[in-house]
Amino acid sequence: MSIVSILDSVNSPKDIKKLNIDQLNQLCTEIRELMINTVADNGGHLASNLGTVELTVAIHKVFNSPRDQIVFDVGHQSYTHKILTGRKDRFSTLRQEGGISGFTRPAESKHDIFSSGHSSTSISAAIGLAKAKSITGEKGKVVAVIGDGALTGGLAYEALNNSGLENNNLVVILNDNNMSISPNVGSMAKNLTNIRTNPKYFTFRSKVERRVSRMPKFGTEIARTITLINSKIRKSVYKNTFFEDLGFRYYGPIDGHNLEELIDALNVAKAHNHSVLIHVNTIKGKGYEYAEQNPSKFHGIGKFDINTGEPLSGGKTFSSVFGNTMVDIAKENNKLCAITAAMSTGTGLVDFANKYPDRFFDVGIAEQHAVTFSSGLAKNGMIPVFAVYSTFLQRSYDQLIHDVAMQNLKVIFGIDRAGFVGEDGESHQGVFDTAFLMSVPGLIVYAPASFSELEDMLRHAVYVDKSAVAIRYPRGSQGVLPQNYEWDNSDFTIIGNANSSRCIVTYGREFSECCQAMENIEDAFILKLNKIKPINPEVADIVEHCTDIFFFEEGIKNGGVGECFASLLLEKGVKAVFNHICVEDEFIKQASVSSQLRTYKLDKESVVKIVNNAE
């Protein structure tokens, strides 16, 4: 006899209100199966989502979305939420072009309250939402779901400092799946939590508090005394006063895979007239053996074989080349240090961390601290290399200016995922770094197009350059390049006949597309910028005879390299018609990198059409 699917009958949060615990547990099992199958086909964030299935089901069982607003930190652990809020039938399109996002997106559903993709923002957003509800008198709670990893980000603490005493309709759920936030809690604390989250106890206590406070003369003072004693007992038993001192009612830790415990705790939080923090323990990768054994590998993973857990694609990448080169340099130079903001795997630094633990620093999700920390290392004679995704470097722009460039310190930035990154969508595209890097005085910026260039440029930055250096490189592998192409330490490289009347200017990964396009273009040459900041003014002499200049740029237009190049030509009096093909004033939708290149006319076919059709 086959088991009737619970998931088939769930099309909105209302549908799970009537389900009992056994049915809810079966629902969780079915959700996990759908997740594993979908991510195996599409790629995505698996381990974090498998760990929050019961928690998300419990949240929707207790709260009433969207009146009760749920804000997921980062949004990469919102897959269960998407499945429960009307997107089950489209879940197979996860992270695909035209499909549903791997992060929360308000344009996608009224249940996605806040667009997210970067860490540690949920509590700040939730405070604003809760305060607006308070001012307007709108009903409903605001629930922020934040992981212990996100609590390594300073923004989360700024928010906590501003939240507990202010918002009575705020609930913060701390999903603790790895890091120990507080000392080990004994049986007394666990029993106290069980009592305090029991609905009968909470109802009884509320009635007593109301009746005592209404007693003539001394009722209010007695109620305050009871609250004070209660607080001191909690602090004595929990050995953790941090959240309580910030003004929260603290409940936990609670088994994040026990639906009954979760539902009881959330019901208490919902009934509270005070800010509440619920501490939940979960297991990353829960329900899929390979993800439980190696949650880092399955944090963000491409397509994989369900039966083995092995990725379906692999091979050499810019990230792995960067990591290997770092190890090679560290062998010969004991001043080299590697810094990462919780991305050692993604940036290729795992081997470095294992071989040189004394010179490897994972500072957590704290990019601002990482940059200033690096400047301190540099000040005392070390050579720090901060490996960071382009999209996350955005968070430390002030430190880059104030603590590195202004101090004239040599910090090297390995900027991974520069340019289009594909299916991760709007929040992760690395197209903005060029615009803000071009504005930083004294900073040198390289844009390798090949693995060998990356190796050489990193070595050049370590051994030759005297100021701060950024090396930006794309996700994945290198493209097709001219045979025997090598970087000769020059600021720019000419491919083809420089006497041609038309010039194609580009840098980074786009160089491959332009080289391939040249097979079908006549009377043109390529000017490849190896160093994109500062742009060597000699390039103006190279192109001064050209009638048309085409600048193909895998980056944002405003303030980007193309605009700086055009400004240089204008200053030098170059009269050529300038064509700038790049990303205009917009955010980039999720799609494959090849599709994104076509959309923005940066693929080889588009290069041929644009150059050959120019009048």
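Rounded to the nearest 0.5 Å, atoms CD1 (I535) and OH (Y507) are 9.5 Å apart. Note: F420 CZ to I588 CD1 = 4.5 Å, rounded to the nearest 0.5 Å. Atom CE of residue M438 and atom OG of residue S567 lie 10.0 Å apart, to the nearest 0.5 angstrom. Summarising the geometry, atom CD1 belonging to I365 is positioned 3.5 Å from atom OG belonging to S119; distances are rounded to the nearest 0.5 Å. In this structure, I444 CD1 and K466 NZ are separated by 10.5 Å, a value rounded to the nearest 0.5 Å. For the atom pair Y446 OH and W487 CH2, the distance stands at 5.0 Å (nearest 0.5 Å).
Using modelled atom types, no side-chain atom of T506 and backbone atom of K528 make a donor-acceptor pair closer than 3.5 Å. Side-chain atoms of T52 come within 3.5 Å of backbone atoms of S48 as a donor-acceptor pair (strictly under, hydrogens ignored). Without hydrogens or angle criteria, K410 side chain to A461 main chain gives a donor-acceptor distance under 3.5 Å. In this structure, N579 contributes its side chain and F551 its backbone to no donor-acceptor pair below 3.5 Å. Although no hydrogens or angles enter the test, the distance criterion places no donor-acceptor pair under 3.5 Å between the side chain of K604 and the main chain of M518. Side chain of S595 to main chain of A591: no donor-acceptor pair is present (N/O by atom type, distance under 3.5 Å, no hydrogens or angles). Checking side-chain atoms of D176 against main-chain N and O of D148 turns up no donor-acceptor pair under 3.5 Å. Looking only at distances, a side-chain donor or acceptor of E244 sits under 3.5 Å from a matching main-chain atom of Y250. In this structure a side-chain-to-backbone donor-acceptor pair under 3.5 Å is missing from D416 to V388. Without hydrogens or angle criteria, Q596 side chain to G422 main chain gives a donor-acceptor distance under 3.5 Å.
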Distance-only check: which donor-acceptor pairs under 3.5 Å involve side-chain atoms of residues 398-406, not counting sequence neighbours?
| residue | atom | partner | partner atom | Å |
| --- | --- | --- | --- | --- |
| D403 | OD2 | T372 | OG1 | 2.6 |

Sequence neighbours excluded and cut-off under 3.5 Å, please list the side-chain donor-acceptor pairs for residues 326-334, or say none.
| residue | atom | partner | partner atom | Å |
| --- | --- | --- | --- | --- |
| E332 | OE2 | R459 | NH1 | 2.6 |
| E332 | OE2 | Y463 | OH | 2.8 |
| N333 | OD1 | K335 | N | 2.9 |

Residues S116, T104; criterion side-chain hydrogen bond (donor to acceptor under 3.5 Å, both in side chains); working and verdict: CA-CA 6 Å; S116 62; T104 49; 2.8 Å; yes
What verdict does the side-chain contact (heavy atoms from CB on, under 4.5 Å) test give for T121 and S124, after you've listed the backbone C-alpha separation in whole Å, the side-chain angles of each residue and the deciding distance to 0.1 Å? CA-CA 6 Å; T121 65; S124 294; 5.7 Å; no
Kindly determine whether F352 and Y356 satisfy ring pair (Phe, Tyr, Trp, His ring centres under 6.0 Å), including the steps that lead there. CA-CA 6 Å; F352 188 104; Y356 303 100; 5.5 Å; yes
side-chain contact (heavy atoms from CB on, under 4.5 Å) between F298 and L50: does it pass, once the steps are laid out? CA-CA 10 Å; F298 285 88; L50 290 175; over 6 Å; no
Check against salt bridge (Lys or Arg N to Asp or Glu O under 4.0 Å), R509 and E554: CA-CA 8 Å; R509 173 168 53 191; E554 193 181 329; 2.5 Å; yes
Given side-chain contact (heavy atoms from CB on, under 4.5 Å), test C564 with K533 step by step and report yes or no. CA-CA 9 Å; C564 293; K533 183 185 182 301; over 6 Å; no
Take T340 and F361 through the test side-chain contact (heavy atoms from CB on, under 4.5 Å) and record every step on the way to the result. CA-CA 6 Å; T340 181; F361 307 98; over 6 Å; no
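Neither side chain, S427 nor H118, offers a donor N or O lying under 3.5 Å from an acceptor on the other. When only modelled atom types and interatomic distance are considered, T493 and N530 share a side-chain donor-acceptor pair under 3.5 Å. Checking T317 against S477 by side-chain atom types alone, no donor-acceptor pair falls below 3.5 Å. S115 and R105 share a side-chain donor-acceptor pair at under 3.5 Å. Residues E563 and H580 have side chains that never bring a donor and an acceptor to within less than 3.5 angstrom of each other. A donor and an acceptor atom, one from each side chain of H460 and N489, are nowhere located under 3.5 Å apart. Between the side chains of S512 and Q516, at least one donor N or O lies within less than 3.5 Å of an accepting N or O. Of the N and O atoms on the side chains of Y485 and E453, at least one donor lies less than 3.5 Å from an acceptor on the other residue. Counted by atom type alone, Y389 and E367 present zero donor-acceptor pairs between their side chains at under 3.5 Å.
Look at K589 and E426 and you find a salt bridge, because one of the NZ, NE, NH1 or NH2 atoms lies within 4.0 Å of a carboxylate O, short of that distance. The pair D433-R472 meets the salt-bridge criterion, with a side-chain N (NZ, NE, NH1 or NH2) lying under 4.0 Å from an Asp/Glu carboxylate O. With salt bridges taken as basic N to acidic carboxylate O contacts below 4.0 Å, one links D424 and R95. Between E310 and K297 there is a salt bridge, with a side-chain nitrogen of the basic residue lying less than 4.0 Å from a carboxylate oxygen of the acidic one.
The aromatic rings of Y473 and F318 sit parallel, their planes meeting at an angle under 30°, below the 60° perpendicular limit.
N294 places a side-chain heavy atom less than 4.5 Å from the side chain of S296. Side-chain contact between L393 and F432: absent, with no pair of heavy atoms (C-beta onward) separated by less than 4.5 Å. In this structure the side chain of D73 never reaches within 4.5 angstrom of the side chain of F114, judged on heavy atoms. Counting heavy atoms from C-beta outward, V371 and F413 have side chains that approach closer than 4.5 Å. At a threshold of 4.5 Å between non-hydrogen side-chain atoms, the residues V385 and F322 count as touching. In this structure, L568 and L570 have side chains that are not in contact, with every pair of non-hydrogen atoms separated by 4.5 Å or more. Contact check for V145 versus V71: no side-chain heavy atoms found under the 4.5 Å cut-off. You'll find the side chain of R417 reaches within 4.5 Å of the side chain of S319, heavy atoms only.
No more than 12 heavy atoms of other residues, nucleotides or ligands shown are found within 6.0 angstrom of CG on D585. When the shell of 6.0 Å around CD of Q293 is examined, it contains more than 12 heavy atoms from other residues, nucleotides or ligands.
F103 and H428 have their aromatic ring centers within a separation under 6.0 angstrom.
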